[in-house]
Asks: 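The structure follows.
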Amino acid sequence: MGYDTDDGREFLTHELKGTSADDGNAYSSKWDYLCVDAYNSTNLDMGLSLAFAYHSLMAWRIFFDDDFTRKHYYIAYYPTEFRNKAAHRLTVEGRPVKAVDYIHPNTTVMKKEMLSFTLGGAFSISF
């Protein structure tokens with residue numbers, strides 16, 4: 001792994017070398033390319049309801065509810081994880097290094113808020 005220049009811009013280059021035991025066989029690896037996880041959150045629910053008795057066994061009901069939640073999401077994007085497993089010998093500017101020191105996932109935490117409203121009505125018959 002090292003840095004090359006192209007039109008005055010530096011970019012990272014990798015050289016992955018296998019051992020002689022690989023014999024040119026196809027390489028296969030599995031890992032989580034994109035991982036999205038959410039932390040626990042608290043929901044706040046409020047509502048308003050109005051009921052009207054139409055007859056002794058029948059009633060109308062109108063309701064309005066709103067729900068609010070704030071959730072934190074953890075996102076890890078890791079397109080280069082295969083290099084940690086494939087790189088038997090990795091060098092940076094001629095020095096041997098460990099792949100885990102240079103190849104990391106891109107991570108972020110996002111906060112999302114959601115507010116939803118529900119408006120409805122109901123007719124009930126009791127018997």
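We use all heavy atoms of the structure for the numbers below, so side chains are in, but hydrogens, waters and symmetry mates are not.
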Asks: Heavy-atom count check: over 12 atoms from other residues, nucleotides or ligands less than 6.0 Å from D66 CG?
Replies: yes
Asks: Indicate yes or no: at least one non-hydrogen side-chain atom of Y78 is less than 4.5 angstrom from one of C35.
Replies: no
Asks: Do you know the tightest heavy-atom contact between Y74 and T107?
Replies: OH-CG2, 3.4 Å
Asks: For the residue pair Y73 and Y39, is the inter-centroid distance of their aromatic rings smaller than 6.0 Å?
Replies: no
Asks: Looking at every non-hydrogen atom in both residues, tell me the closest pair between T69 and S41 and how far apart they are.
Replies: OG1-OG, 3.3 Å
Asks: Distance-only check: which donor-acceptor pairs under 3.5 Å involve side-chain atoms of residues 112-124, not counting sequence neighbours?
Replies:
unit_1, atom_1, unit_2, atom_2, d
E113, OE2, R70, NE, 2.8
E113, OE2, R70, NH2, 3.0

Asks: With hydrophobic residues grouped by side-chain heavy-atom distances under 4.5 Å, do M58 and I62 end up in a single group?
Replies: no
Asks: Same cluster or not: V36 versus M110, using hydrophobic residues (I, L, V, M, F, W, Y) connected whenever any side-chain heavy atoms lie under 4.5 Å apart?
Replies: yes
Asks: Quick one: CG on L48 to CZ on F63, what's the gap to the nearest 0.5 Å?
Replies: 11.5 Å
Asks: So I75 and N106, side chain to side chain contact (heavy atoms under 4.5 Å, CB included) or not? Walk me through it.
Replies: CA-CA 8 Å; I75 302 167; N106 300 319; over 6 Å; no
